[in-house]
Amino acid sequence: MDQIIVAIRSRHVLLHVGSEHRDSSDKKHRDKDKERLKLKDGSSDKQKDKHKEKKKEERADSSSFDLFGDMVQINNVLVPALCGAILVACVGMLVYILPSLCFFMPFRWEEERYTDGVKWKFLEHKGPVFAPPCDPLPSNVKFYYDGKHMKLSSSAEEVATFFAKMLDHEYTTKEVFRKNFYKDWRKEMMSEEKSKITDLNKCDFSEMSEYFKAQSEARKAMTKEDKQKIKEENERILQEYGFCIMDNHKERIANFRIEPPGLFRGRGDHPKMGMLKRRIRPEDIIVNCSKDSKHPKPPPGTKWKEVRHDNKVTWLVSWTENIQGSIKYIMLNPSSRIKGEKDWQKYETARRLKKCVEQIRAQYRDDWKSKEMRIRQRAVALYFIDKLALRAGNEKEEGETADTVGCCSLRVEHLTLHQEMDGQEYVVEFDFLGKDSIRYYNKVPVEKRVSIISTPLRLILTSILNKHLQELMDGLTAKVFRTYNASITLQQQLNEITNSEDNVPAKILSYNRANRAVAILCNHQRAPPKTFEKSMQNLQTKIDAKKEQLADAKRELKSAKADAKVRRDEKSKKAVESKKKAVQRIEEQLMKLEVQATDREENKQIALGTSKLNYLDPRISIAWCKKFGIPIEKIYNKTQREKFAWAIDMAEKDFQF
DNA sequence: AGTTCAACTTAGGAGGGACCGT
DNA sequence: ACGGTCCCTCCTAAGTTGAACT
């Protein structure tokens, strides 16, 4: 039954597609009892146990610390100090030791889990850091309306400065932005201001704008000592407010600073761009902590909106934002136990999908033949989510956000069907704006026959899709496919393209290529760096220079050899050796440059970071590093190593996703 | 069954400091 | 030491999901 059925109604589109999956060879699972799909996979638990035992042994050796009482100390004070000392002593060895050292004490990934949605038993923190108050402008910095100087009230002035700061940005030229800004600005004006200022086009913010530019220049030109002072002050605030205590661990908080007021900048064509994002006061803040903790104090003379003790959630502080009316949270850093465990769990779910994905694929292909429209729709949606790694695509309220779509919210205008295209039959052309208004453009050859059903259809809701998925596998949702396909792609690519003969830079190029394949699959794009063309040229110049240098070195080697043949003495032999070495060194340098050029060119519009941070099981990369002798530092920077500490702690060189 | 909402993950860009070669 | 490039960190918007509500 190789066919594509495209169902279209006025607004929403669904495709029913047949056969050919990029990875359809493995049929052995298909006949197995469907019930098996629902069974929880036990192997990962076994792995956990094995790991636990191993770590227990190590713990017995190395630990004389009180696991709970001293944990905070050990984790945050002792270990860095220890690492620092060792670092001086043996940098080379440390490459492998450091990650496990940093976490060798608290095996936080293995501590007992809570049940019933309880996330913690003890939580203590200092509350948020508020945005600094707005300083009034010096009196020589003037605002002009219709060419005439006008002194603004402090509230109107503050909002005006937000606009002035963005004057260089093209945002401020957009009609929607200006309209929204103007409307919200008027709300902050005194009544005389309101009656005087009637046209944004007559407002002159240029002195304000110059003033802020000068300030930022001054900041850059500050002396080292002054910069150092600011740095120290920031560090002090970080130490005071940037950590909390959750269940015996001192944990880093991700965003302990409250978002400052300003003008909202949505992504893409956002209907609310330019609106005033108001200042958050203590009275807006809900604090969450445990009853028996030292509660954070609101600033003098103020009160929190509420203090609650909800241990079924992970956030420390929340407030409601005024643009969309959504809730914002202060939560923990990715390095924290609570985030790390969740991350691990996410990849374990994806690995369980691996075990039954072929069955699920067989089923949705089968479902294309279903008599029921809903089933066919569901099956096609799932097909694209799986094959193209599309996002689920929830319905959004029109006019509230930019018009972006995902799989289930695709509309007719986002797809074109080609009976024949570029020599291939039955091609579906996707062209739509996805998350963050990033364009998704792809031409996907599908099966042999296409037929179009124009019967009006109900949109398949993501909730319906996810309910169905939940029945196929415990914990399965649409986004698990993205995680699964991303990770399995990395694993396959690495297995395929890593050449153990290669030197380290070449292996890293292979890694980046594998990473890139994933980024392309997930459509992770970036704007080409502004200086891209130029920096590419510079690199090419360097390569050319290096080539010449190599040619010279080779010539010299040749003449040295000739010389040695004639003279036959030790000195000239040595000269040959050293010339040989020089050639080798230059060849290596040249190769490194060329690799760099290739890598950069291929990476022009592709963002690797997102997949690395959110989709690729870190154990794949760590195992790869161990297997091929690549220092983990070459793949993960410090922050990333902290986030993936759980994986560094547990992945062996033979780990396969 | 549909809708709304809270909670949490995923996302690209800005800005600035680190780092590199000269 | 300097200037340009690169990479990291921060920032916060924009998604997904499950549960509560109607």
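Every heavy atom of this structure was used, including side-chain atoms; hydrogens, water molecules and symmetry mates were not. A note on names: the letters A, B, ... follow the listed sequences, proteins ahead of strands, and every chain is numbered from 1. The structure displayed is predicted, hence computed values, not measured ones.
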* To do: Go through dG12(B), dA14(C), dA7(B) for me and flag the one nearest to the Q324(A) side chain.
  => dA14(C)
* For side-chain hydrogen bond (donor to acceptor under 3.5 Å, both in side chains), just list the numbers for S487(A) and Y347(A), CA-CA rounded to whole Å, side-chain angles, deciding distance to a tenth of an Å, and then say yes or no. => CA-CA 9 Å; S487(A) 287; Y347(A) 293 112; 5.5 Å; no
* Residues two or more places apart in sequence or in another chain: which of them pass side-chain hydrogen bond (donor to acceptor under 3.5 Å, both in side chains) with D168(A)? -> K213(A)
* Structure fact -> Residues at least two apart in sequence or cross-chain that pass side-chain hydrogen bond (donor to acceptor under 3.5 Å, both in side chains) with N637(A), listed by chain then number, are none
* Over 60° means perpendicular and under 30° means parallel, so classify the ring planes of F432(A) and Y440(A), tilted if in between. => parallel
* Asked: After noting the C-alpha distance and the side-chain angles of R351(A) and E348(A), does the key distance pass the salt bridge (Lys or Arg N to Asp or Glu O under 4.0 Å) rule?
  -> CA-CA 5 Å; R351(A) 292 177 83 204; E348(A) 287 307 308; 3.2 Å; yes
* May I ask you to evaluate whether Y615(A) reaches the phosphate of dA11(B), defined as a side-chain N or O under 4.0 Å from OP1 or OP2? => yes
* **Which nucleotide in dA7(B), dC8(B), dA11(B) has an atom nearest any side-chain atom of K342(A)** => dC8(B)
* Do the rings of F430(A) and F384(A) sit parallel, tilted or perpendicular, given the 30° and 60° boundaries? -> perpendicular
* Rounded to the nearest angstrom, tell me the gap between atom CH2 in W319(A) and atom P in dA6(B). => 15 Å
Distances for protein N or O near nucleotides 3-5 of chain C N or O, under 3.5 Å:
residue: dT5(C); atom: OP1; partner: N538(A); partner atom: ND2; Å: 3.0

* Structure fact -> A correct 5'-to-3' footprint of nucleotides 15-22 of chain C, with B, S and - meaning base, sugar-phosphate only and no protein heavy atom under 4.0 Å, is SBBS----
* Nearest-angstrom distance from the residue atom CG of N614(A) to P of dA14(C) -> 17 Å
Give me the distances for all protein-to-nucleotides 8-12 of chain C N/O pairs that come in under 3.5 Å?
residue: dC8(C); atom: O5'; partner: N637(A); partner atom: ND2; Å: 3.1
residue: dT9(C); atom: OP1; partner: T639(A); partner atom: OG1; Å: 2.7
residue: dT9(C); atom: OP2; partner: T639(A); partner atom: OG1; Å: 2.1

* To do: Quickly work out the I327(A) CD1 to dA14(C) C1' distance and round it to whole Å.
  => 16 Å
Could you pull out all donor-acceptor pairs under 3.5 Å where a side-chain atom in residues 605-613 of chain A meets a protein atom, sequence neighbours excluded?
residue: S611(A); atom: OG; partner: N515(A); partner atom: ND2; Å: 3.2
residue: S611(A); atom: OG; partner: L608(A); partner atom: O; Å: 3.1
residue: K612(A); atom: NZ; partner: I635(A); partner atom: O; Å: 2.5

* Structure fact -> E321(A) atom CD is separated from dA13(C) atom C1', nearest whole Å, by 9 Å
* To do: Give a yes-or-no answer on whether the side chains of T314(A) and K339(A) include a donor-acceptor pair shorter than 3.5 Å.
  => no
* Protein-nucleotide distance (Q605(A), atom CD; dG12(B), atom P), rounded to Å -> 13 Å
* To do: Identify, with sequence neighbours excluded, every residue that meets salt bridge (Lys or Arg N to Asp or Glu O under 4.0 Å) alongside R439(A).
  => D431(A)
* Not counting sequence neighbours, which residues clear ring pair (Phe, Tyr, Trp, His ring centres under 6.0 Å) with F264(A)? List them please. => H270(A)
* Taking atom P of dC7(C) as reference, at what distance in whole Å does atom CG of N512(A) sit? -> 10 Å
* Toward the 5' end of DNA chain B, by each residue's nearest nucleotide, K346(A) or G325(A) -> G325(A)
Between the protein and nucleotides 14-22 of chain B, are there any N/O to N/O pairs under 3.5 Å, and if so, what are the atom names and distances?
none

* Counting only side-chain N and O atoms of T314(A), is one of them less than 4.0 Å from OP1 or OP2 of dA7(B)? -> no
* Asked: For Y329(A), which residues count as a side-chain hydrogen bond (donor to acceptor under 3.5 Å, both in side chains) partner, sequence neighbours excluded?
  -> none
* Asked: To the nearest 0.5 Å, how far apart are CZ in R619(A) and CH2 in W646(A)?
  -> 4.5 Å
* Taking only the side-chain nitrogens and oxygens of H524(A), find out if one of them lies under 4.0 Å from OP1 or OP2 of dT10(B). => no
* Whole-Å gap separating P (dC8(B)) and CH2 (W120(A)) -> 11 Å
* Structure fact -> Of M331(A) and C522(A), the one whose nearest nucleotide on DNA chain B sits closer to the 5' end is M331(A)
* Asked: Is E240(A) salt-bridged to R236(A), cutoff N-O under 4.0 Å?
  -> yes
* Separation of dA14(C) C1' from I438(A) CD1 (nearest whole Å) -> 11 Å
* Counting any heavy atom closer than 4.0 Å, what does K612(A) reach on the DNA or RNA strands: base, sugar-phosphate only, or nothing? -> nothing
* **For R279(A), side-chain hydrogen bond (donor to acceptor under 3.5 Å, both in side chains) partners two or more places apart** => E158(A)
* To do: State which residues pass salt bridge (Lys or Arg N to Asp or Glu O under 4.0 Å) with E170(A); sequence neighbours excluded, sorted by chain then number.
  => none
